[in-house]
Structures are given as structure tokens and as C-alpha cells.
Q: 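Before I ask anything, let me first share the structure, which is written out below as C-alpha cells.
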There are 2 protein chains.
Amino acid sequence: MEGSTPRGRTRIQKEKREVILEAALEVFSTNGFRGSTIDQIAEAAGMSKPNLLYYFRRKEDIHETLMHRLLETWLAPLKELDNIGDPMTELRSYIRRKLEMARDFPRESRLFANEILQGAPRIMAMLEGELKTLVDEKVEVIKGWMRSGKVAQADPWHLIFAIWATTQHYADFDVQVRAVLGPDRGGEGRFEDAARFLEQLFVEGLRPKG
Amino acid sequence: MEGSTPRGRTRIQKEKREVILEAALEVFSTNGFRGSTIDQIAEAAGMSKPNLLYYFRRKEDIHETLMHRLLETWLAPLKELDNIGDPMTELRSYIRRKLEMARDFPRESRLFANEILQGAPRIMAMLEGELKTLVDEKVEVIKGWMRSGKVAQADPWHLIFAIWATTQHYADFDVQVRAVLGPDRGGEGRFEDAARFLEQLFVEGLRPKG
DNA sequence: CTAACGTTTGTCCAATCGGTCAAAAAATTG
DNA sequence: CAATTTTTTGACCGATTGGACAAACGTTAG
């Protein structure tokens, strides 16, 4: 090996790096970056600390790799929002996709939330760059819908925020949601209930007048 | 002094404890419990670490005191929601109050978010007890409104979640909101815009049909 | 002034932190 | 098989962590 950190050349390296990233996702998403230790991740990954550091030389490298992957997944649903179909159908399926992500990738959502809560020190450039550009673009799409009368007039930026907030809430605040709903209402069905409610809220809330 | 930790008897004790809590709120809300150090809090409070530990014997004690205070403030707006006035007016002012709290007490909101994100280890009992009871009670109020036809039929639990999510978003994800809105739209006016949007969303989204 | 009490600090400690390193063990290659 | 390379581990390091403690300092009442 000529380099310093193995670059996933061998089969073992690819596999072990995945195991580590999976374990790190679990640990980082519940404890945040500073609150997580390499030992915790190593234990969750079923290996010794020096062994883990053989695959990722620094704690930051793990977090960075995780973040890079996350952001790709995270922006995908918004990227799909486009002018092709019926506006309200597009919005409804965007909400549905975001809610499915909250259901299927809650740890990713919490990892992201942790980063933002801490002031986004590691992804600020991406927020002001790639994310802002993408949102600006989609805001124009939504403005077009509103001009054409297919969607009620409203602030498109805050519409996007509201969709993000309501859907990610079911991942980030999952513990609270389940505690409040109780054992009976708090089962897996809560996502169906949430989907129905949010569809109603946004569809009726954005139905064009007259 | 007969006890171990001073109990705010003297003037200095009351003052210094407040200074510490103020500093700890700042530190805990951005770094989480595990990610914060006593040294950080002591420095933010302008005193030495042993001096801080004279007023709060353990790091956990500071966090616990902060949490207890927070929860009282936090539940107040929901407690005020009652049957007296017009339903939609009640809902609108609840949303407004929650948004004002996100604007005026963002650190408290982030402290709470951090705790929930980490699985709410310290306040789980309160979530399943006091909070659930309160929400159950308010759900009945909202159900009454829906039965009387003043508010559209919808899931009251998820309505409450949606209000929590959309309003607290402006505190917890403030960095992202400001980054996406950019320098011009991201000023203090963003709360006015958010208030207008959310009022429209919930009022129209919950307007009874026919 | 002095005794008693409240406050502050410097020093210290054991535990834990992120990370290194050399050597052992395992896998791969010829 | 032996030689080489990759993987794993135990021991270790300096820095930081939460916290203890006694001594020093400040304040106040008699």
C-alpha cells in the first residue's frame, strides 16, 4: 500500500468501511459529532479502535464521508420536483417522498439535524451554495404555478420550509411523537396518519381561491 | 453553610447561578450535553471552573435546572389553548405564540431539540406523562371544534405536531433558513413572512368545507 | 479587631479522549 | 510452500475531561 489511508481497493476494505459507516451513522446521529467517541463507533462496528483507525485515519474523516453521502440522498427529492406534471400532484408526491425518507432514513435525518443545530460548521458552504441555488430554482417553479393559478399565492420559500419541517419532524422528534401518541396510536401506522394529515393540510392550504 | 450546594440564599448566589445558567444555555444549546464542557460554560460565565462547581456541583445539575425551567416555558402556550374564544382565532394565536417563542427563545428551542434528538434520556418520563396528558386534553378541545364544524375534520395529534414542527423550525434550523433565504430575504423580516405563510397554510388548510 | 461565614482560586486526580506505533496475525501472491 | 502484503491488536502517549480539595481571599457581625 503506497498511500496512507486504504482507499477501498480490496474487498475487505470496502466491506469494513461500510460496517464502520453504518456504526458511525448510528452513533453520530444520536450523540452528535462532539458527543460521539471513536471507541463507541468501534464497539458498534465490532472492532478495536486502532483497527477502525486503520480504515479512517481521523474521526472527522468518518463524519465527512457520512455527510457527503447523506447530502446526495437528501437533495434528491427536491431535485425531482419539476414542471412536468400537475402542480398539486407534484407537491403531494414531494411531501410523500420526504415523509418516506423520514420513515426509512431517520438516522440520516437526525445526523443532518444535529449538524444544523450545531450551526452547520461543516456544511455551511454547501447550504449557501448548492442548497440555496437548488431552492432558488424550485422557488421559481413554484412561483410559475402560482402565477398560472394552479396553486394559491403564498411565500414559496416558507412553503418549502414548512414541508421540510413537518416531514422531518417524524424522524428528528420521533421519540416525542411516539411518547405523545402513546402505545396504541404510536405504532407504524403513525406515518400513514401523518401522510393523510399533511396531504390535507397542504392541498387545502394551497388550493387556489375562486 | 449546612448543606452541600448553596441554595440561592444570598444575593451573590442568586446572581451567579443566573449567570451560569445563562452561559450554560448558550453552550448546551449549540453543543448538546455531551458535547459541552464545564470549562466552556465557566469561560462563558466569566469564572473559573472550580468557582462554577461551587454553585452547581455537577454538570448534570446545571442541565437539569435548565431543563426544568425550559419545560415550564415550553408548555405554557399549549396550556393557554382553550375553548373560550373562536376556534380558528385560538389556533391562529397559538401558532403566533409558538413562532414568537422560536424568535425570542431560539436557544431554549435548540436545547429542547438536542435533548429529543438524543432520545430524550432525561425527560422521557415528562414526555410520556405531563406532555402526553396535556396533548390528550387539547386534542379533545380540537375534536370538539371539528365536531361543531368550526374546524375541518383532520387528525388533531398531527395538527399539533405540524404546528410544533413549522414554528420550531425557525429556531432549530435557523442557520439553514438564513442560508437559503440569503442576505436580503433572511433578515428579521423572515419571521413576519413565516407568520403570514403559516397563518394562511393552517387557516385555509383547516377551513371547514361547505 | 476578630471570629465566622461566604466566595474564589490553584493544584491535583483518575478517567477518558483522539490518535500513534510496532509487532503479531491473517490473507494473498508467486 | 515461502515471501509479501494487508489486517488486527496491545501498549502507549499527550491532551482534555469532570470533579475534589484545601488554602486563600472577601465580607460581615459582634
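Just so we're on the same page: letters track the sequence lines, and every chain starts at 1.
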Q: Where each residue is assigned the nucleotide of DNA chain C containing its nearest heavy atom, which of Pro50(A) and Thr37(A) is assigned the position nearer the 5′ end?
A: Thr37(A)
Q: With distance as the sole test, does Glu90(B) use its side chain to make a donor-acceptor pair with the main-chain N or O of Asp82(B) at under 3.5 Å?
A: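 Yes, Glu90(B) side chain to Asp82(B) backbone: donor-acceptor pair under 3.5 Å.
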Q: Would you indicate which nucleotide in dT8(D), dC17(C), dT17(D) comes nearest to any side-chain atom of Asn51(A)?
A: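 Side chain of Asn51(A) sits closest to dT8(D).
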Q: Please report the distance, rounded to the nearest Å, between CG in Leu52(B) and C1' in dT7(C).
A: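 Leu52(B) atom CG is separated from dT7(C) atom C1' by 13 Å.
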Q: By nearest atom, which of the nucleotides dG19(C), dG18(D), dA11(D) is closest to the Lys49(B) side chain?
A: dG18(D)
Q: Anything under 30° is parallel, anything over 60° is perpendicular, the rest tilted; go ahead and classify His169(A) against Phe161(B).
A: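 Because their plane-to-plane angle lies in the 30° to 60° range, the rings of His169(A) and Phe161(B) count as tilted.
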Q: Of the nucleotides dA11(D), dG18(D), dG19(D), which has the atom closest to the Arg58(B) side chain?
A: dG19(D)
Q: So, Arg190(A) and Asp155(B), do they make that salt bridge, N to O below 4.0 Å?
A: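 Salt bridge flag = no for Asp155(B) with Arg190(A).
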Q: Would you kindly give the CD1-to-C1' distance between Ile38(B) and dT9(C), to the nearest whole Å?
A: 16 Å
Q: Report yes or no: does Lys59(B) contribute a side-chain atom to a donor-acceptor pair with the main-chain N or O of Phe33(B) at less than 3.5 Å?
A: yes
Q: Under 4.0 Å: is that the gap between some side-chain N or O of Arg34(A) and OP1 or OP2 of dT16(D)?
A: no
Q: For the pair Phe28(B) and His63(B), name the ring-plane relationship: parallel under 30°, tilted 30 to 60°, perpendicular over 60°.
A: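 Rings of Phe28(B) and His63(B): perpendicular, as their planes differ by over 60°.
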Q: May I ask you to evaluate whether Ser48(B) reaches the phosphate of dT8(C), defined as a side-chain N or O under 4.0 Å from OP1 or OP2?
A: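 For dT8(C), neither OP1 nor OP2 has a side-chain N or O of Ser48(B) closer than 4.0 Å.
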Q: Just to confirm, is there a sub-4.0 Å distance from OP1 or OP2 of dT8(C) to any side-chain nitrogen or oxygen of Tyr54(B)?
A: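 Tyr54(B) to dT8(C) OP1/OP2: no side-chain N or O under 4.0 Å.
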Q: With hydrogens left out and only the distance checked, is there a donor-acceptor pair under 3.5 Å joining Lys59(B)'s side chain and the base of dG19(D)?
A: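 Per atom types, no contact qualifies.
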Q: Atom CD1 of Ile62(B) to atom P of dT17(D): distance rounded to whole Å?
A: 14 Å
Q: Counting only side-chain nitrogens and oxygens, does Gln13(A) get under 4.0 Å of the OP1 or OP2 atom of dT6(D)?
A: no
Q: Whole-Å distance between dG18(C) C1' and Asp61(A) CG?
A: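 Atom CG in Asp61(A) sits about 12 Å away from atom C1' in dG18(C).
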Q: Between dT8(D) atom P and Arg17(A) atom CZ, what is the distance in whole Å?
A: 14 Å
Q: Could you tell me how far apart Glu43(B) (CD) and dT16(D) (C1') are, to the nearest whole angstrom?
A: 15 Å
Q: Could you tell me the separation between the CG atom of Leu53(B) and the C1' atom of dC13(C), rounded to a whole number of Å?
A: 14 Å
Q: Using atom CD1 of Ile20(B) as one end and atom P of dT7(C) as the other, report the distance to the nearest whole Å.
A: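 So the two atoms are 11 Å apart, to the nearest Å.
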